[in-house]
Amino acid sequence: MAKSRDTMFFCKECGYESAKWLGQCPGCKEWNSFVEEPVGNKKSPTGISINRGTNKPVGLADISLQDEERISTGIDELDRVLGGGIVEGGLVLVGGDPGIGKSTLLLQMCRNIVNKIKKKVLYISGEESLKQVKLRAQRIGDIDSTFLLLCETNLDNIKEIVSEVKPDVIVIDSIQTMVCDNVTSSAGSVSQVRESTNILMQMAKGYGISVFIVGHVTKEGVVAGPRVLEHMVDTVLYFEGDRHASYRILRGVKNRFGSTNEIGVFEMQNDGLREVENPSEYMLKGRPVDASGTVTSCSVEGTRPILLEIQSLLCKTNFGIPRRTTVGTDYNRVNLILAVLEKKAGLKLYEYDVYTNIAGGLRITEPALDLGIAVSIISGYRDEIIGSDVVAFGEIGLSGEVRAVSMAMQRVQEAAKLGFKKCIIPFASMEEIKKVKDIEVVGVNNIQDVIREIKTL
Ligand code: TYD
Ligand code: MG
């Protein structure tokens, strides 16, 4: 007969469960990620089984979509990432490093919902005292007195309170502090986090409450990474950015109610987060004029073109093997572009250490930046200045061809809007370009065309 177990091993990264300790997780292939946790009563929580017994299969045609109404958060950037606002009964996970501004963003959202839309919002904090939350609330501005605040970490208590209060929106800050009675392991462990999310999911779906869950991501976490819950929730947003820079980017990585890959850009200020309406302008601030090795390129995030500055610095190699360092771009893509430039354009890049950087601290892996990276490297190599009114974008293939990219017209329009005078784009994208005022658009077929074009600048 199988022996009943007191403890099980869980993968910290993906939640894989095993009776034995394993060096590598069979689920996510992460090494050394197993932790032992007690598994008391294995009965899963019953939660709020409002619909139990009344659920029947329905035809697709009979499902009405009319009541899928979205609540605006009053923060355009957040609405955009959510796919147009908060969905009733939606479960949203907001992940990010500690101190990045998750609590601030959600508190600002609560303020807007309470003040403007007059919905009932319950903010449950397991990390900060009521006073601390109030202090923060004062920093970001007045909140109506109907805003409800609760300091509680026990989900069974929370469940009762929620069934009494019936709020429209709940914020749980953070999931790592929540515990439920029928799981014996400590708060923040994989099994606690998973069960807690389960209960919150039942609350959200059962009562039609929109639930926001804050989750900390730690690199070598003792705390369970929220990746365990990514598959349970409807929407996953990541709040990222350099803690030393003031801007923050909210990125949608999963969204059952809208498109992913949308981003929202914010700036942290003394009175909370401010939306950055024009990220291009923001990213190009402080750009050097008349410097070699720098060029402006255009990336599309979701539906939004963002102009950014790509910088390359080339220094003579002192040792045998040249060094390549990339910040903000994909390391392998830069290597690939270097190889293409070497082979197809005859640049002796093996003599140089190459450093590339996307100014402003953005991280972008879109292939459309290839041409910008190539141009900045050529400019750095030849020490030739590319005009500060030039934008270059396009994907580079291994035979040196410049390939079409999506949304070329929007990119050109964004460049024109910010006063750029010339766009170097893939020739294959030229047909979708209509005449835009005050900007010259040049199509290039391959890397040789690019070099010829740069000479005329
Ligand atoms: P916080 O929302 O507490 O981060 P998280 O919940 O993700 O851990 O915000 C953390 C930082 O933001 C903190 O270091 C202080 C700073 N901050 C401001 O600069 N201005 C503000 O108005 C507020 C509320 C916070
Ligand atoms: Mg916080």
Side-chain angles (χ1 to χ4, degrees), residues 73-75 77-78 81-82 91-115 121-144 147-153 155 158 169-179 187-188 192-193 196-197 200 211-227 229-230 233 235-253 263-276 282 360-361 363:
T73 61
I75 307 174
E77 299 285 308
L78 180 57
V81 181
L82 287 170
L91 199 61
V92 181
L93 171 69
V94 182
D97 293 333
I100 203 83
K102 302 179 291 295
S103 310
T104 310
L105 179 70
L106 291 178
L107 198 61
Q108 276 178 272
M109 177 190 84
C110 293
R111 178 196 59 192
N112 293 345
I113 296 174
V114 171
N115 289 8
V121 179
L122 176 63
Y123 187 102
I124 303 164
S125 180
E127 293 190 342
E128 291 162 313
S129 66
L130 292 173
K131 271 196 191 133
Q132 278 172 310
V133 180
K134 172 135 196 189
L135 277 177
R136 190 203 306 271
Q138 276 175 346
R139 275 178 89 165
I140 64 169
D142 291 333
I143 304 188
D144 273 4
F147 177 54
L148 297 171
L149 210 61
L150 174 70
C151 280
E152 178 62 71
T153 54
L155 263 169
I158 291 175
V169 177
I170 304 180
V171 175
I172 302 283
D173 190 359
S174 65
I175 191 72
Q176 273 95 7
T177 55
M178 295 295 147
V179 285
Q192 277 290 8
V193 166
S196 306
T197 313
L200 290 169
V211 180
F212 283 76
I213 302 174
V214 172
H216 293 297
V217 205
T218 48
K219 284 214 180 69
E220 301 284 286
V222 217
V223 220
R227 270 205 263 161
L229 11 145
E230 270 180 14
V233 299
T235 305
V236 179
L237 309 180
Y238 271 98
F239 209 26
E240 52 187 50
D242 193 353
R243 255 214 273 171
H244 307 291
S246 58
Y247 83 88
R248 306 274 187 268
I249 288 179
L250 188 67
R251 208 181 276 278
V253 287
I263 65 162
V265 186
F266 298 89
E267 192 180 358
M268 183 60 96
Q269 293 187 337
N270 280 338
D271 53 352
L273 290 154
R274 193 182 63 85
E275 298 173 60
V276 175
Y282 188 74
R363 245 178 299 142

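Counting convention: from 1, in listed order, for ligands and their atoms alike.
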Give the numbers and elements of all ligand 1 atoms closer than 4.0 Å to a heavy atom of [X].
| X | answer |
| --- | --- |
| Q269 | 18 (C), 19 (O), 20 (N), 21 (C), 22 (O) |
| S103 | 2 (O), 5 (P), 6 (O) |
| R136 | 1 (P), 2 (O), 3 (O), 9 (O), 24 (C) |
| N270 | 20 (N), 21 (C), 22 (O) |

| said: With nothing but distance in play, are any N or O atoms of I140 less than 3.5 Å from an N or O of ligand 1? | reply: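 There is no such contact.
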| Is there any N or O on G101 that sits under 3.5 Å from an N or O of ligand 1? |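 Between G101 and ligand 1 (N or O atoms, distance only) the closest approach is under 3.5 Å.
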Could you tell me whether [X] approaches ligand 1 through its side chain, its backbone, both or neither, with non-hydrogen atoms closer than 4.0 Å?
| X | value |
| --- | --- |
| K102 | both |
| D271 | backbone |
| P98 | backbone |

| request: Examine the side chains of T177 and E127 and answer whether a donor and an acceptor come within less than 3.5 Å of each other. | output: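 Per modelled atom types, T177 and E127 side chains form no pair under 3.5 Å.
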| said: When you compare the side chain of T197 with that of L93, does any pair of heavy atoms fall below 4.5 Å? | reply: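 In short, these two side chains do not touch, never coming nearer than 4.5 Å.
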| query | At the 4.0 Å heavy-atom cut-off, does G96 count as touching ligand 1? | reply |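 No; G96 lies far enough from ligand 1 that no heavy-atom distance drops under 4.0 Å.
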| query | Which N, O or S atoms belonging to the protein are less than 2.8 Å from the Mg ion (ligand 2)? | reply |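 Less than 2.8 Å away from the Mg ion (ligand 2) sit S103 OG.
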